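Proteins come first, then strands; the chains are lettered A, B, ... in the order of their sequence lines, and each starts at number 1. Because the structure is a prediction, the values reported are computed rather than measured.
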2 protein chains.
Amino acid sequence: MELQFLGTGAGMPSKERNTTAIMMKLLDERGTMWLFDCGEATQHRILHTSLKPRKIEKIFITHLHGDHIFGLPGLLGSRSFLGGTEPLTIYGPRGIKEWVETTIRISGTHLTYPLFIEEMDEAGIVFEDEQFTVYAAWLEHVVPCLGYRIEQKELPGALLIEKAYELGVPKGPLLGALKNGADVTLADGRVVHAKDVVTSPKAGFIVTILGDTKYCDQAIQLAKNATIVVHEATFDDTTAQLAAQYGHATNMEAAHVAKHAEAKYLILTHISARFLPAQSEALAKQARTVFEHTSVAHDYISYALISDNDIVIKD
Amino acid sequence: MELQFLGTGAGMPSKERNTTAIMMKLLDERGTMWLFDCGEATQHRILHTSLKPRKIEKIFITHLHGDHIFGLPGLLGSRSFLGGTEPLTIYGPRGIKEWVETTIRISGTHLTYPLFIEEMDEAGIVFEDEQFTVYAAWLEHVVPCLGYRIEQKELPGALLIEKAYELGVPKGPLLGALKNGADVTLADGRVVHAKDVVTSPKAGFIVTILGDTKYCDQAIQLAKNATIVVHEATFDDTTAQLAAQYGHATNMEAAHVAKHAEAKYLILTHISARFLPAQSEALAKQARTVFEHTSVAHDYISYALISDNDIVIKD
Ligand SMILES: [Zn+2]
Ligand SMILES: [Zn+2]
C-alpha cells in the first residue's frame with residue numbers, strides 16, 4: 001500500500017499545490033488503485049507519475065466542493081481514452097450522482113467501462129470484501145462531508161512448507177488444511193499442529209482519510225488506532241478562528257486528533273496557499289509538539305507501507 | 001489585441017498540450033479579456049501567466065465536449081476567490097446553461113459577480129457594442145459546434161490638433177465637430193475641412209476562432225478576409241480519413257479554408273497527441289505549401305496584433 005498525494009492545496013490551485021486528490025495504490029494487495037477526491041487537473045498530475053487511470057477501481061469523494069470534484073469528469077473520460085474497460089465505482093455524498101450523470105450527458109462523454117455511483121446518506125460500511133472494509137462517517141464542515149476509514153483485514157499466516165515436509169506432512173490437501181489453521185493427523189498417527197508450521201496472522205493496515213472538517217470527535221473515532229491518518233490543516237494557530245468559522249482545522253487540531261486516536265502516523269494536507277512552501281516544515285514541526293510522527297504532504301509525495309506497518313517516504 | 005493559447009491539444013491533455021483554451025486580450029481596446037473555450041486546468045495554465053481571471057469579461061464556448069468546457073466551473077469559482085466583481089457572460093450552444101448551473105448548485109460554488117449565460121440556437125450576431133461585433137455560425141462536428149468571428153469596428157481617424165490650431169481653429173466644440181468628420185466655419189468665415197485635420201479611419205481587425213470541425217464552407221464564410229483565423233488541425237494528410245470520420249480537419253484542410261477565405265494569417269491548434277512536439281513545425285511547413293502565413297500554436301504562445309494588423313509572435 002502506498003499513498004501518493006496528487007493535490008495538497010485548499011480551495012483553489014496554486015503553482016505549488018493542486019486541489020485535493022490522494023491515490024491509494026493497492027497494486028500488491030489487489031492490482032488496483034483507489035482515489036480519494038479528485039480536484040481539477042488530477043489527471044494532469046497523473047501525467048507526471050507512473051499511475052495508470054485504467055487501474056483506478058474506486059473513487060471516494062469526501063464532499064461536493066469544487067476543489068474536491070472538478071477533476072472527476074475529465075478523469076472518467078480519459079480512463080476510457082486510455083483503454084479502461086474494468087468497472088469503476090464512485091462513492092460520495094448525495095448529489096454526486098446527479099452531477100456526474102448530468103456532466104456525462106451534456107458533454108457527450110463516452111465511457112468504455114461500467115460506471116457505478118453509490119451515494120451515502122448514512123455513516124457506516126461503504127464497501128466490504130474479503131480483503132478490506134471501508135467505513136465512512138460524517139465530519140463537521142460547511143457542507144456534508146465524509147471521512148473514510150480503510151481497514152485491511154487480518155492477513156493469514158504463511159505456511160512454512162519446508163518445516164511441514166520435515167515433520168512428514170505429504171504434498172496434497174493436508175498442507176491446505178494446516179494453512180487454514182487445522183491440526184492434521186498423518187498416516188502414521190502423528191499429529192502436526194498448525195501453530196508449528198504456520199506463522200501467526202498479521203494485522204492489516206488502517207488508513208483514515210478525512211475530508212475537510214473542524215476538529216471533531218467523529219474524526220477521532222474514524223482514526224482510532226489507524227496506521228496512517230490524513231487530516232486537513234487549512235490553517236494554523238494564528239488563524240484558528242478562521243478555521244472554526246469556515247469549517248476547517250489547524251495543524252494543531254489535526255495533531256490532537258491523531259493523539260487522541262492513538263494513531264501511528266499523521267499526514268497533514270489541504271494546506272492553504274497563505275503558507276509558502278518553505279513554511280510547510282514549520283507546520284509539521286509545531287504539530288510534532290503534540291503528535292510526534294507528523295508529516296506535511298506536498299504534491300507527488302508518496303508514503304509507502306513496509307513490513308510491520310512502518311512508513312517510507314518517497315519524495 | 002493579443003491572442004494567447006492556453007491549451008492547444010485535442011481530446012485529452014498531454015504533458016505538452018493542454019485541452020483547448022484561447023485568451024483574447026483586449027486590454028488596450030477595452031481593459032478586459034475574452035476567453036474562447038475552457039478545457040480542464042485552464043486556470044492552472046493561467047497561474048503561469050500574467051493573466052488576471054477577474055479581467056475575463058466574456059467566455060465563448062464552441063461546443064460541449066469535455067476538452068472544451070471542463071475547466072469552466074473551477075475558473076468561475078477562482079474568479080470569485082481572486083476578487084472578481086464585474087459581470088461575466090458565457091455564450092455557447094444549448095446545454096451549457098444547464099451544466100454550469102447544475103455544477104454551481106451541487107458544488108456550492110459561491111460567485112461574487114453576476115453571471116449571465118446566453119445559449120445560441122441559431123447562427124448570427126452573438127454580441128455587438130460600439131467597438132465589436134461577434135458573429136457565430138455552425139460548423140460540422142459530431143455535436144453542434146460553433147465558430148466565432150470577432151470584428152472590430154472601424155477605428156475613427158485621429159484629430160491632428162496642432163494642424164487644426166495652425167489653421168486657426170480655436171479650442172472648444174469646433175475641434176470635436178472636426179473629429180466627428182464635420183467641416184466647420186471659423187469666426188472669420190474660412191472653412192476648415194475635416195479631411196485636412198483628421199487622419200483616415202482605420203479598419204479594425206477580424207479574428208475568426210473556429211471550434212472543432214471538418215473542412216466546411218461555413219468555416220470559409222466565417223473566416224472571410226480575417227486578419228487571423230484559428231483553425232483546428234487534429235490530423236494530417238496521412239490520417240485524413242480519420243479526420244472526416246470524427247468530424248475533424250487536417251492541417252491541409254485548414255490551409256485551404258484560410259486560402260479560400262483570403263485570410264491574412266492562419267494559426268493551427270487542437271493538435272493530436274499523436275504528433276510529437278518536434279513534428280509541429282512539419283505540420284506548419286506542409287500547410288504553408290497551400291497558405292503561406294501559417295503557424296502552429298503551442299501552449300502559452302501569444303500572437304500580438306501591431307499597427308497595420310501585422311502580427312508579432314511572443315514565445
Ligand atoms: Zn476543500
Ligand atoms: Zn475537441
Open item on the list: Heavy-atom cut-off 4.5 Å, strictly under: side chain, backbone, both or neither for A:Thr42 against chain B?
Closed with: backbone
TODO: Would you indicate whether A:Lys25, at its atom NZ, is surrounded by more than 12 heavy atoms from other residues, nucleotides or ligands within a distance under 6.0 Å?
DONE: yes
TODO: Output the option from B:Ser14, B:Pro13, B:Gly66 having the highest count of non-hydrogen pairs under 4.5 Å with chain A.
DONE: B:Pro13
TODO: Give a yes or no on whether B:Lys58 atom NZ has more than 12 heavy-atom contacts from other residues, nucleotides or ligands under 6.0 Å away.
DONE: yes
- [ ] Could you list the residues that satisfy salt bridge (Lys or Arg N to Asp or Glu O under 4.0 Å) with B:Glu118, not counting sequence neighbours?
- [x] none
Open item on the list: How about OH on A:Tyr246, more than 12 heavy atoms from neighbouring residues, nucleotides or ligands closer than 6.0 Å, or not?
Closed with: no
Open item on the list: Which residues in residues 94-102 of chain B have any heavy atom closer than 4.5 Å to a heavy atom of chain A?
Closed with: B:Gly95, B:Glu98, B:Trp99, B:Thr102
Open item on the list: Can you list everything that forms a salt bridge (Lys or Arg N to Asp or Glu O under 4.0 Å) with A:Glu16? Sequence neighbours excluded, please.
Closed with: none
- [ ] Could you tell me which of A:Leu82, A:Leu64, A:Asp67 has the largest number of non-hydrogen atom pairs under 4.5 Å with chain B?
- [x] A:Leu64
TODO: Identify which part of A:His65 has an atom lying under 4.5 Å from any heavy atom of chain B, answering side chain, backbone, both or neither.
DONE: both
Task: Nearest heavy atoms of B:Gly11 and A:Phe81, plus distance in Å - done: O-CE1, 3.8 Å
Open item on the list: Looking at chain A, which one of B:Val142, B:Asn18, B:Ile69 has the largest number of heavy-atom pairs inside 4.5 Å, strictly under?
Closed with: B:Asn18
Open item on the list: Does any part of the side chain of B:His44, heavy atoms only, come nearer than 4.5 Å to the side chain of A:His44, both counted from C-beta?
Closed with: no
Task: Minimal non-hydrogen separation, A:Ala41 against B:Glu40, with atom names - done: N-OE2, 2.6 Å
Task: Those residues of residues 104-112 of chain B, ordered by number, that approach chain A below 4.5 Å (heavy atom to heavy atom) - done: B:Arg105, B:Ile106, B:Ser107, B:Thr109
